[in-house]
Amino acid sequence: MKYLLTIIICLFTACAFAQQKQNQFVFIIRSKADIKASPEVIKTNIQHWTAWMTDLGKNGKISGGYRFPSEGTTLTSTDKPIKTTAYITNGELVSSFLIINAADLSEAKQIAAKCPVFELGGNVEIRSIQNTAN
């Protein structure tokens, strides 16, 4: 009887987990390469980032991510010189990426819509993640 109860609990837990399956999406966050904002605006934006990231963590919506420094190296071809700067296009550069847990693309869009990058003219590209390791 003790083992039967354990098996039932395990099956119930597995079923509940399977129903709450989350998909993963990458948020590719682009910022303006030359942000022109006052120190007060920057400080407020940092506070908004802190609150948003904390909220994502508390709600289990963030799986990982990285912020990049503004320096970088760009290779465009094997026969062209290497540029000692990050890749900038249309005045934007990839500033970070986040791995987000969401039920579907609709929820991922709702999460991205609250990203503080918009306050300073940036944008978020959302892509679903395909696990190619398994």
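For the pair S63 (side chain) and N101 (backbone), a donor-acceptor distance under 3.5 Å is absent. Between the side chain of T74 and the main chain of Y87, a donor-acceptor pair closer than 3.5 Å is present.
Applying the side chain to side chain donor-acceptor pair (under 3.5 Å) test to W49 and every residue at least two apart in sequence or in another chain returns N45. Looking at residues two or more places apart in sequence or on another chain, you find a salt bridge (Lys or Arg N to Asp or Glu O under 4.0 Å) between E107 and K61. For D79, there are no salt bridge (Lys or Arg N to Asp or Glu O under 4.0 Å) partners at least two apart in sequence or on another chain.
When hydrophobic clusters are built by joining Ile, Leu, Val, Met, Phe, Trp and Tyr residues whose side-chain heavy atoms come closer than 4.5 Å, directly or via intermediates, L93 is not grouped with V117. V26 is connected to F68 through a chain of hydrophobic side-chain contacts under 4.5 Å among Ile, Leu, Val, Met, Phe, Trp and Tyr, so both are in one cluster. Cluster annotation: I100 is not connected to I129 through the hydrophobic network of ILVMFWY side chains, with a link wherever side-chain heavy atoms come within less than 4.5 Å. There is no path of hydrophobic side-chain contacts, each under 4.5 Å, that joins I88 to I35.
Crowding of N59 atom CG: a count of heavy atoms from other residues, nucleotides or ligands under 6.0 Å exceeding 12. Residue-environment remark: CZ (F118) exceeds the threshold of 12 foreign heavy atoms within 6.0 Å.
For the residue pair A103 and Q22, the shortest heavy atom distance occurs at N-OE1, 3.7 Å. The two atoms that bring I42 and A37 nearest to each other are CD1-CB, 3.9 Å, heavy atoms only. Contact detail for G121 and K32: the closest heavy-atom pair is O-CE, 3.2 Å. In plain terms, the two heavy atoms of S96 and R67 that are nearest each other are CB-CA, 3.7 Å. Considering every non-hydrogen atom in both I28 and F97, the closest pair reads CA-CB, 4.5 Å.
Annotation: side chain of K109 is in contact with side chain of I126 (closest heavy-atom distance under 4.5 Å).
A distance of 10.0 Å separates CZ in F27 from CD1 in I99, rounded to the nearest 0.5 Å. With rounding to the nearest 0.5 angstrom, the CD1 atom of I82 is 7.5 Å from the OG1 atom of T73.
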